[in-house]
**Q** 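Encoded as structure tokens, here's the structure I'll be asking about.
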Amino acid sequence: MAESDQVTLLDLWASPFAMRVKIALAEKGIEFESREDDLSNKSPLLLEMNPVKKQIPVLIHNGKPVCESLIIVQYIDEVWTHKSPLLPRDPCQRAHARFWADYVDKKICSLGRMVWSAQEGAKKELIECFKLLEDELGDKPYFGGESLGFVDVALVPFLTWFSMLEHCGNFSMVEECPTLVAWAHRCMEKESVSKSLPDLDKIFGYFMELRKKHEAKKNA
Amino acid sequence: MAATTTSSDVKLIGGWPSPFVMRPRIALNIKSVGYEFLQEQLGSKSELLLKSNPVHKKIPVLIHGDRPICESLVIVQYIDAVWASGPSILPSDPYDCATARFWAAYIDDKWFPSLSGIAKAQGEEAQKAALDQVVEGLVLLEDAFVKCSKGKAFFGGDTIGYLDIALGCYLGWIRVTENMNNRKLLDEAKTPNLVTWADKFCSDGSVKDVMPETDKLAEFAKVLMAKFRAPPPN
């Protein structure tokens, strides 16, 4: 890694997608500048760096923007190869990791939002998805095997949603998905994860505030 | 280049009309890898498909030896990595790679839903709005083409690459949509580079035999619409 590498992350403290990037950078030991954006008033820098989607996270590496969290994580893995490989070397295992990270994006995010807004049927489907991920994890400590990998990085930020999902869906994660809860706590023992995720009580409070405002707007 | 893998090692479960299935077919052709093409019947899913892709139950699925690989762009990247001695599909530079992946994701997550939205649009105004949206997306891709190709024939440079495959697989369906709606989506005025690129892509050796003929695809579209027409609202 060049001494003069400039790494900036256009960030949002509550975004699980931004957390993915922070975990990846921490795993690689890369120093970066975090700039919080305000999505209700997007900064000129964000609009310049991500004109297509206008969304965080955006990684700016030596002035060049990289967008979309899983694409950024792969970029980080391909640029900084000196430690903590996130994707496996073997092409088949790599394909497997990409498949499951894509599954997290396709299912967990949208179903999680549906549970938050109390949509019928979402909770059952979400729990089924979590159980499928548990099957995939099996008795490995991490999805990546002995160390944190691409799927772990893709999924672990959603730990910040667990309390909210339990509250809004009226169920217990540890009862329904004990293996996944144990995995999440195992990940939190790693500094790269614990320093990249916000305080869990703080984010729970934030979701509840958002929900109150959402309900107030609905009933107005 | 002679095939280095016998076709019994590599199977592809898919269907000739699917743009997603075309992607691994093009990739395998680029690498000169022979394969057995196992075509699914419309409206039913084979036991092999359900066993090989139990999560999504969708085509394409590549079966290499006894290992199934699912999701079209994941398969393309797998093919690129396994048959590494053939022409490269993904750019070697990590930044160019991230750019190609970004636009491929944009095409699948944003642009393709707008294309399939045209058939679902009710009424002339909604249809025109849907068509306009598709063209707006293509204008963005025109701009991406200029930046990625750096003056060469394809997004990938001198030869077909990841992003060419990601977008090019939709060209048959773009033509069907243009004919059905009597409107050009790729046109000389707004997307001149993409018009030239489309011709080169379709006549490339790795694409020619797997790009379905527009007439055949149009017939298939009619069958599809009849079979899966949504029931009337209550």
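Residue numbering restarts at 1 for every chain, and letters A, B, ... go by the order of the sequence lines. These numbers come from a predicted model, not from an experiment.
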**Q** Any idea which heavy atoms bring B/Ala98 and A/Tyr75 closest together, and the distance?
**A**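 B/Ala98 and A/Tyr75 have their closest heavy atoms at CB-CD1, 4.1 Å.
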
**Q** Does the side chain of B/Val55 come within less than 4.5 Å of A/Leu132's, by heavy atoms?
**A**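 Side-chain contact under 4.5 Å: yes.
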
**Q** When you look at NZ of B/Lys190, are more than 12 heavy atoms from neighbouring residues, nucleotides or ligands closer to it than 6.0 Å?
**A**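 Open: at most 12 neighbouring heavy atoms sit under 6.0 Å from NZ of B/Lys190.
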
**Q** Give me each pair satisfying salt bridge (charged side-chain N to carboxylate O under 4.0 Å, His left out) with a member in residues 87-96 of chain B, each pair once, sequence neighbours excluded.
**A**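 Residue pairs with at least one partner in residues 87-96 of chain B: B/Asp96-B/Lys150.
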
**Q** Quick one: what part of B/Cys97 sits under 4.5 Å from any heavy atom of chain A, side chain, backbone, both or neither?
**A**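 Answer is side chain: those atoms of B/Cys97 sit under 4.5 Å from chain A.
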
**Q** Identify the heavy atoms of B/Val74 and A/Arg98 that sit nearest to each other, and give their distance.
**A**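 Heavy atoms only, the tightest pair is CG2-CB, 3.9 Å.
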
**Q** Does any backbone or side-chain atom of B/Arg101 lie under 4.5 Å from a heavy atom of chain A? Answer side chain, backbone, both or neither.
**A**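 Its backbone and side chain both get close to chain A.
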
**Q** May I ask you to name which of B/Tyr95, B/Tyr106, B/Phe102 has the most heavy-atom pairs under 4.5 Å with chain A?
**A**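 It is B/Tyr95.
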
**Q** Are A/Phe99 and B/His56 close enough that their ring centres sit under 6.0 Å apart?
**A**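 Aromatic pair counts; centres sit under 6.0 Å.
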
**Q** Rounded to the nearest 0.5 Å, what's the gap from SG on B/Cys70 to OH on A/Tyr103? Could you check?
**A**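 If we round to the nearest 0.5 Å, B/Cys70:SG and A/Tyr103:OH are 13.0 Å apart.
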
**Q** Less than 4.5 Å to any heavy atom of chain B: does that hold for the side chain of A/Pro65, its backbone, both, or neither?
**A**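 When you check distances to chain B, atoms from both the backbone and side chain of A/Pro65 fall under 4.5 Å.
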
**Q** What are the two closest heavy atoms between B/Glu71 and A/Asp102, and how far apart are they?
**A**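 Answer, listing the atom of B/Glu71 first, then A/Asp102: OE1-OD2, 3.3 Å.
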
**Q** To the nearest 0.5 Å, what is the distance between CG on B/Asp109 and NZ on A/Lys53?
**A**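 B/Asp109 CG to A/Lys53 NZ: 6.0 Å, rounded to 0.5 Å.
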
**Q** Assess the residue pair A/Glu68 and B/Lys110 against the criterion (salt bridge (Lys or Arg N to Asp or Glu O under 4.0 Å)); give the C-alpha distance rounded to whole Å, side-chain angles, the decisive distance to 0.1 Å, and a yes or no.
**A** CA-CA 13 Å; A/Glu68 294 298 301; B/Lys110 296 272 177 223; over 6 Å; no

